[in-house]
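Throughout, numbering of the chain's residues begins at 1 and tracks the sequence.
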Amino acid sequence: MGNNSHLTVYKASAGSGKTFRLAVQYITMLVKSPEDYRHILAVTFTNKATAEMKQRILSQLYGIGHSLNSSADYYNEVKKAVTFNEQTIRHNALLALDMILQDYGRFRVETIDSFFQTVLRGLARELHIGANLTLELDTQLVINEAVDSFLASVEQGSDDRRNVMEFVENNIDNDKSWSIDGTLKKFSQELFREIFMEKGEELRQILSQPDAVADYKRNLTSARDAVLPGITEEIQSIGKEIENALLTAGICLSDLASNPGKEIIKISSLTILEKDLTGTFLKCTSQPEEFFRKKDLDKNPSLESFAMDELVPRFSRVAQLYNDYHYAKNSYDAALQYIHELSLLLGIRAEIDRQSQEQGRFILADTPMLLSKLSGSDTSFVYEKTGSFIEHLMIDEFQDTSHLQWGNLRLLLWECLAIGKDCLVVGDVKQAIYRWRNSDWDILNSKMEKELAIYNPQAIPMESNFRSHQNVISPRQRRWFPCTTRPRPTTPTPP
C-alpha cells in the first residue's frame with residue numbers, strides 16, 4: 001500500500017498483473033497477521049474469477065510456505081512489504097493456510113452478488129423475512145407471472161383498464177399488434193434496472209394521484225407545442241436572412257454551387273427538418289469555399305469572405321437548431337408514447353411485490369436497492385450482520401461496478417478507511433463490458449477518487465504487459481508466419 005494512503009487504486013490494461021497485485025496484497029496481509037483472513041473481504045464479479053482468486057491465494061500460500069519456485073515472484077513481493085525474516089514469512093504463510101482450511105466458511109473471496117445475499121440473509125429478521133425465504137434469480141420468470149396475473153385482474157372502469165386500452169390503441173395506430181402481453185413482458189425488464197429502482201417510488205407517488213396520466217399528457221403536449229414552433233420560426237427567419245444577404249450582395253441562388261443552393265431552399269421551407277442533415281450542409285457550417293464553384297471563387301475571391309461572414313454562421317446556427325428541434329421532439333414524443341406503459345409498469349411492480357410476499361420470495365435483483373436504503377441509516381450494523389467484522393476491502397474488476405453496488409460498497413470502504421485499515425481496488429475502464437448490468441465505468445475513472453478524496457487515494461498505473469510477447473505488441477517486430485491450412489501469400493501486406 002502507499003505510504004500516505006490506506007486506499008490504493010491500480011488502473012491498468014489486460015495482462016498488466018492487476019489480479020497478481022491483489023493476490024500479493026491479500027497474502028501480505030496474512031503474512032503480517034495470519035488470522036486476518038476473517039476480516040478481509042475480496043469481491044469480484046463472476047464465479048469463475050472468484051474460484052481462480054481463491055485457488056491462486058491458497059496455492060501461493062502453500063508455495064511460499066514450502067519454498068516452491070513457482071511462488072518465488074509472490075515471495076519476493078511479500079518480502080518487500082514486510083520486515084520479517086524468511087523463516088517467519090514462510091511459517092506465517094503456512095499458518096494462514098492451515099487456519100483458512102480449518103475455517104473455510106470465513107474465507108471471504110466471493111462475487112459481489114454472493115456478498116449481498118449474505119448480508120440479506122443476515123438481515124432476515126430485521127426485514128421480517130421468514131426462515132423459508134426463497135431467493136429468486138430468474139427475473140424474467142417473475143415478470144411473466146406478474147404480467148399475466150396483472151392483465152387477468154384488470155377491472156372494468158379502472159385507471160389500469162384505461163391505460164391498457166390506450167396502450168392497445170397506440171399500438172394499433174402504429175401498425176403494431178393489439179396483443180400487448182409480449183410487449184409488456186419485454187418492457188417490464190426495466191423494473192429491475194437501477195435507474196427505475198431509484199426513481200420507482202417517486203413515480204409511484206406522482207402517478208397514483210387522480211387523473212395523473214391525463215394531466216401529464218396534457219401538460220407535456222402543451223409544453224411540446226410551445227417549444228417546437230419557436231424553433232421552426234427561428235429556422236425560417238434565418239432562411240429569410242440568408243435570402244436578404246444574397247439579395248443585398250447581388251447574388252442569385254443560381255450563382256451558388258448546386259447543393260448549397262438546394263440547402264437554402266430547404267431551410268426556408270423547413271423541409272430541412274424532415275431528414276438527416278446532408279454531408280454538404282455539414283460542410284457548409286465550417287467551410288465557406290463549399291458555397292461557390294471553384295471557377296467563380298478564382299474570378300472573385302471576395303465570395304469566400306461573403307460566405308464566411310454571412311452564410312457559414314447561419315448554417316451553423318441552423319444545424320444547432322436542427323439538433324435542438326429533434327432532441328425536443330423525440331423527447332416529448334417518447335414521453336407521451338411511454339406514459340401508459342410507465343403507469344402499467346407500476347401496476348406490474350405492485351403485482352410482483354404482492355406475489356413475492358404471498359410466496360415468501362425475495363428477488364435477487366432487488367438486493368442492491370434494499371441495502372442502499374438500509375445502509376444509509378446504520379452502515380456498520382448492516383455489514384456486521386454478515387457474521388464477521390470486515391476491516392479490509394479488496395475489489396477486483398472494479399470497472400464493472402454499478403451505481404447502486406458502488407453506493408453500498410462505498411459505505412463499507414468508508415468504514416474500513418475510517419479505522420485506518422488498508423483497502424485495494426483494481427480495474428481497467430477499457431474492459432468495462434457490463435453496461436447491460438448497469439455498470440458505470442466512470443466510477444473507476446474519476447468518481448471514486450473524488451468521493452473518497454478525504455482518504456487521499458493513491459492511484460498507481462501499471463504499464464507493463466506480461467501477457468503478450470514483444471513481437472506481438474511491437475509493430476516493427478510483426479512477421480507473417482506460414483499457415484498450415486492455406487499457402488502463404490506471395491506478397492504479404494503488413495497488418
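Interatomic distance, CG of Asp181 versus CG of Asp148, reported as 6.5 Å (0.5 Å rounding). Once rounded to the nearest 0.5 Å, the distance linking OG1 of Thr19 with CE of Met53 reads 5.0 Å. The NZ atom of Lys185 sits 10.0 Å away from the CD atom of Glu145 when rounded to the nearest 0.5 Å. Distance check, rounded to the nearest 0.5 Å: CD1 of Ile443 to CD of Gln405 gives 8.5 Å. Atom CD1 of residue Ile238 and atom CD1 of residue Ile264 lie 12.5 Å apart, to the nearest 0.5 angstrom. Between the CZ atom of Phe281 and the CG atom of Asp276 there is a distance of 12.5 Å, given to the nearest 0.5 Å.
Remark: the backbone N or O of Leu444 is paired with a side-chain donor or acceptor of Lys11 at under 3.5 angstrom. Ser114 places no side-chain N or O within donor-acceptor distance of the main-chain N or O of Thr111, the cut-off being under 3.5 Å. In this structure, Asn76 contributes its side chain and Ala72 its backbone to a donor-acceptor pair below 3.5 Å. For the pair His392 (side chain) and Asp422 (backbone), a donor-acceptor distance under 3.5 Å is present. Formation of a donor-acceptor pair under 3.5 Å by the Thr248 side chain with backbone atoms of Ala245 is not found in this model. Judged by distance alone, with hydrogens and angles left aside, the side-chain atoms of Glu397 form no donor-acceptor pair with the main-chain N or O of Thr44 at under 3.5 Å. Of the possible polar contacts, none joining the Ser268 side chain to the Ile265 backbone as a donor-acceptor pair under 3.5 Å is found.
Glu77 and Phe20 get closest at one heavy-atom pair: CG-CZ, 3.9 Å. In plain terms, the two heavy atoms of Leu184 and Val147 that are nearest each other are CB-CG1, 4.1 Å. Between Phe187 and Leu342, the closest heavy-atom pair is CE2-N, 4.3 Å. Considering all non-hydrogen atoms of both residues, Ile352 and Ala146 come closest at CG1-CB, 3.3 Å. The shortest heavy-atom contact between Leu270 and Thr232 is CD2-O, 3.6 Å. Taking all atoms of both residues into account, the shortest heavy-atom contact from Leu41 to Leu412 is CD2-CD2, 3.9 Å.
Considering only residues two or more places apart in sequence or on other chains, Arg224 meets the salt bridge (Lys or Arg N to Asp or Glu O under 4.0 Å) condition with Asp333. Every residue two or more places apart in sequence or in another chain was checked for a salt bridge (Lys or Arg N to Asp or Glu O under 4.0 Å) with Glu289, and none qualifies. Among residues two or more places apart in sequence or in another chain, the ring-ring contact (aromatic ring centres under 6.0 Å, His included) test is passed with Phe306 by none. Ser269 is linked by a side chain to side chain contact (heavy atoms under 4.5 Å, CB included) to Thr271, counting only residues two or more places apart in sequence or in another chain. Residues satisfying the side-chain hydrogen bond (donor to acceptor under 3.5 Å, both in side chains) test with Gln55, not counting sequence neighbours, are none. Every side chain to side chain contact (heavy atoms under 4.5 Å, CB included) that Lys262 has, sequence neighbours left out, goes to Ser258, Asn259. Remark: Glu234 engages Arg317 in a salt bridge (Lys or Arg N to Asp or Glu O under 4.0 Å) (not counting sequence neighbours). The salt bridge (Lys or Arg N to Asp or Glu O under 4.0 Å) test applied to Glu233 returns no partner, not counting sequence neighbours. Partners of Met308 by side chain to side chain contact (heavy atoms under 4.5 Å, CB included), not counting sequence neighbours, listed by chain and number: Pro288, Val312. Evaluation of the side chain to side chain contact (heavy atoms under 4.5 Å, CB included) rule for Lys48 yields Thr46, Glu52 as partners, not counting sequence neighbours.
Met448 has its side chain within reach of Phe398: a pair of non-hydrogen atoms, C-beta onward, lies under 4.5 Å apart. The closest side-chain heavy-atom distance from Tyr10 to Val425 is not below 4.5 Å. Side-chain contact check for Asp396 versus Phe45: every heavy-atom pair is 4.5 Å or farther apart. Residues Leu191 and Leu345 are in side-chain contact: their nearest non-hydrogen atoms beyond the backbone lie under 4.5 Å apart. Between Phe192 and Arg349, the closest side-chain pair of non-hydrogen atoms falls below 4.5 Å. Within the 4.5 Å cutoff, the side chain of Cys423 has heavy atoms near those of the Leu417 side chain. Side-chain contact between Arg314 and Glu310 is present, with heavy atoms from C-beta onward closer than 4.5 Å. Looking only at side-chain heavy atoms (C-beta outward), Ile272 and Tyr325 stay at 4.5 Å or farther from each other.
A centroid separation of less than 6.0 Å is found between the aromatic rings of Phe315 and Phe291.
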- [ ] Run the numbers on Glu241 and Asn244 for side chain to side chain contact (heavy atoms under 4.5 Å, CB included), then give the verdict.
- [x] CA-CA 5 Å; Glu241 290 176 7; Asn244 291 334; 5.7 Å; no
TODO: Could you go through the side chain to side chain contact (heavy atoms under 4.5 Å, CB included) check for Lys217 and Leu220 one step at a time?
DONE: CA-CA 5 Å; Lys217 289 181 64 176; Leu220 205 60; 5.8 Å; no
Open item on the list: Determine whether Lys240 and Glu243 satisfy the following criterion, salt bridge (Lys or Arg N to Asp or Glu O under 4.0 Å), listing intermediate values before the conclusion.
Closed with: CA-CA 5 Å; Lys240 292 179 180 179; Glu243 293 173 358; over 6 Å; no
Open item on the list: Determine whether Ile231 and Leu273 satisfy the following criterion, side chain to side chain contact (heavy atoms under 4.5 Å, CB included), listing intermediate values before the conclusion.
Closed with: CA-CA 11 Å; Ile231 297 176; Leu273 296 173; 5.8 Å; no
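A side-chain N or O of Arg56 and one of Tyr74 form a donor-acceptor pair less than 3.5 Å apart.
Within 6.0 Å of NZ in Lys329 there are 12 or fewer heavy atoms belonging to other residues, nucleotides or ligands. The number of heavy-atom neighbours closer than 6.0 Å to CD1 of Ile454, taken from other residues, nucleotides and ligands shown, is 12 or below.
Listed by first then second residue, pairs satisfying salt bridge (Lys or Arg N to Asp or Glu O under 4.0 Å) with a partner in residues 251-261 number zero, not counting sequence neighbours. The list of ring pair (Phe, Tyr, Trp, His ring centres under 6.0 Å) pairs with a residue in residues 205-227, not counting sequence neighbours, is empty.
Using a 4.0 Å cut-off between charged side-chain N and carboxylate O, Glu263 and Lys266 make a salt bridge. Between Glu415 and Lys421 there is no salt bridge, since no side-chain N of the basic residue sits under 4.0 Å from a carboxylate O of the acidic one.
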